[in-house]
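Pasting in a structure now, in structure tokens, and then I'll have a few things to ask.
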Amino acid sequence: MARKNLLANLTGAELPAGNSMTAPPAMRLGEPFPASGSARGAIGAVSRSIEQIRSHSVMDLPPDLIDASFIEDRLAGSDEDQSRLTASMREHGQQVPILVRPHPTETGRYQIAYGRRRLRAAVELGRPVRAVVKPLSDDQLVVAQGQENNERKDLSFIERAIFAAQLEARGFGRDTIMAAMCVDKTGLSRLISSAVRIPRDIIQAIGPAPKTGRDRWSDLAVALDSPRAVEEARRVIAVPLFPKKASDERFNAVLRSATAEPGKRDKATIIKSDDGTRVALVRNDGDRLSLVVDKKSQAEFATYLVERLPEIYARFCARV
DNA sequence: AGCTTTCCAGTCATCGCCAC
DNA sequence: GTGGCGATGACTGGAAAGCT
């Protein structure tokens with residue numbers, strides 16, 4: 001189980017690959033949390049947090065007393081995944097507690113470090129949520145949240161990028177963010193660069209794109225340096241059918257639009273039947289796509305196609 | 001089944017910028 | 001001039017998908 005590994009791994013507080021920092025000395029409970037910007041402090045905080053978490057008992061809390069973390073780490077996720085988790089919790093109960101801290105400004109309330117989906121499932125089931133309650137500094141909270149995300153391994157590149165960018169925007173030092181996300185400075189630089197360079201509305205419209213990795217997001221970031229490409233991307237995400245596509249398909253559509261050269265006509269594609277008969281010609285002009293059927297040789301097919309187009313379109317709409 | 005291609009992510013080297 | 005920091009290009013190995 002990933003979360004068991006989280007606790008097991010973090011007590012060792014391994015450094016990110018490529019990180020030249022040395023392992024922190026053992027810290028005593030109760031020592032003040034060092035200021036962000038210190039690599040030793042950040043890593044040491046993880047070790048200390050987990051040691052403290054282990055020593056705390058699990059409580060059942062009303063979900064309505066728990067507020068979101070000040071850093072969002074997920075784009076809109078799949079309802080299907082959430083339903084599965086809710087069903088599992090209904091059948092088997094909540095196996096793994098979430099981590100919360102007492103709310104820094106509101107007495108009697110809590111703020112979640114990780115376990116948002118389990119919290120949402122508890123809300124849907126109308127049950128209290130099992131939680132470890134632990135006073136955490138902001139740094140400790142984001143490091144715990146980041147480490148949990150790393151162990152879960154189901155955050156996409158862009159979700160990690162946004163998480164990293166939000167941490168930096170809130171003033172966390174790069175060392176703290178590197179510790180939280182288990183990346184070296186190169187990886188962190190690429191994460192933040194992608195999240196910052198791509199307009200947030202375009203990222204939100206695309207969604208998490210779980211199969212799309214660093215290089216292609218970087219390609220999109222480079223392409224969107226051009227205002228024309230941004231305009232083109234926004235035109236694509238405004239199409240009514242766009243939200244119905246899978247997230248990775250949405251990414252591909254935006255990347256295609258952002259990297260298409262204006263005014264450049266694609267080479268025409270000839271569509272042939274199995275016996276090699278030329279059926280139609282497809283030409284992509286960027287803004288429009290033309291389908292040309294030769295009426296001299298394919299008059300019957302041309303008529304058939306025009307008559308059936310509404311039906312084909314209706315089937316397409318039902319598919320997506 | 002085995003080969004090829006594509007994609008992802010880790011790593012290294014290098015560069016530019018900035019403070020001292 | 002030097003060192004620290006962040007950004008970027010290039011290379012690499014591994015995994016997954018596609019093809020024969």
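In what follows, every chain begins at residue 1, and chains take the letters A, B, ... in the order their sequences are listed. Excluded from the calculations below are hydrogen atoms, water molecules and symmetry mates; all remaining heavy atoms, backbone and side chain alike, are included.
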Rounded distance in Å - CD1 (A/I158) to C1' (B/dC8):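 My rounded result for the distance is 15 Å.
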Of all heavy-atom pairs between A/A233 and A/S257, which one has the smallest distance, and what is that distance?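 That closest heavy-atom pairing would be CA-OG, 3.7 Å.
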Under a 3.5 Å distance rule, please check whether A/R190 uses its side chain to pair with a backbone N or O of A/R214 as donor and acceptor.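 No: the side chain of A/R190 does not pair with the backbone of A/R214.
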Check whether any side-chain nitrogen or oxygen of A/S193 sits under 4.0 Å from OP1 or OP2 of C/dT8, and answer yes or no.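 So the side-chain polar atoms of A/S193 do come within 4.0 Å of the phosphate oxygens OP1 or OP2 of C/dT8, strictly under.
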If the cut-off is 4.0 Å, is A/S189 near the phosphate of C/dG6, judged by side-chain N/O to OP1 or OP2?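 Answer is no, no contact under 4.0 Å.
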Can you check whether A/S88's main-chain N or O pairs, donor with acceptor, with A/E91's side chain at less than 3.5 Å?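 The answer is no, because no donor-acceptor pair under 3.5 Å joins these two groups.
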Distance-only, no hydrogens or angles: does the A/R109 side chain make a donor-acceptor pair with backbone N or O of A/P102 under 3.5 Å?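 Here the side-chain-to-backbone pair does not exist.
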Output the rounded distance in Å from CZ (A/F251) to P (B/dT6).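 Between P of B/dT6 and CZ of A/F251: 17 Å.
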So which one's nearest nucleotide on DNA chain B is more toward 5', A/K185 or A/T212?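 Nearest-nucleotide comparison on DNA chain B picks A/T212.
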Test item: A/D67 side-chain N/O and A/Q111 main-chain N/O as donor-acceptor pair under 3.5 Å: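 No.
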Roughly, in whole Å, what's the span from CD1 in A/I177 to C1' in C/dG6?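 After rounding, the gap between these two atoms is 12 Å.
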Please confirm whether the backbone N or O of A/R130 pairs with a side-chain atom of A/Q94, one donor and one acceptor, at under 3.5 Å?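 The answer is yes, because a donor-acceptor pair under 3.5 Å joins these two groups.
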From NE2 (A/H92) to CZ (A/R90), nearest 0.5 Å: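 If we round to the nearest 0.5 Å, A/H92:NE2 and A/R90:CZ are 11.5 Å apart.
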In whole Å, what is the span from the CG atom of A/D184 to the P atom of B/dA9?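 The distance from CG of A/D184 to P of B/dA9 comes to 14 Å, rounded to the nearest Å.
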What is the distance from CZ of A/F157 to P of B/dG10, rounded to the nearest Å?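 Result: 10 Å.
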Take the protein atom CZ of A/R190 and the nucleotide atom P of C/dC11, then report the distance between them rounded to whole Å.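 The answer, rounded to whole Å, is 13 Å.
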Between B/dC8 atom P and A/L191 atom CG, what is the distance in whole Å?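 Rounding to the nearest Å, CG of A/L191 and P of B/dC8 are 14 Å apart.
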Atom-to-atom span, NZ of A/K211 to P of B/dC8 - whole angstrom: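 Distance check: A/K211 NZ to B/dC8 P gives 11 Å.
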Quick check on contacts: within residues 213-221 of chain A, what sits under 4.0 Å from DNA chain B by heavy-atom distance?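 Going residue by residue through residues 213-221 of chain A, the ones with a heavy atom under 4.0 Å of DNA chain B turn out to be A/G213, A/R214, A/D215, A/R216.
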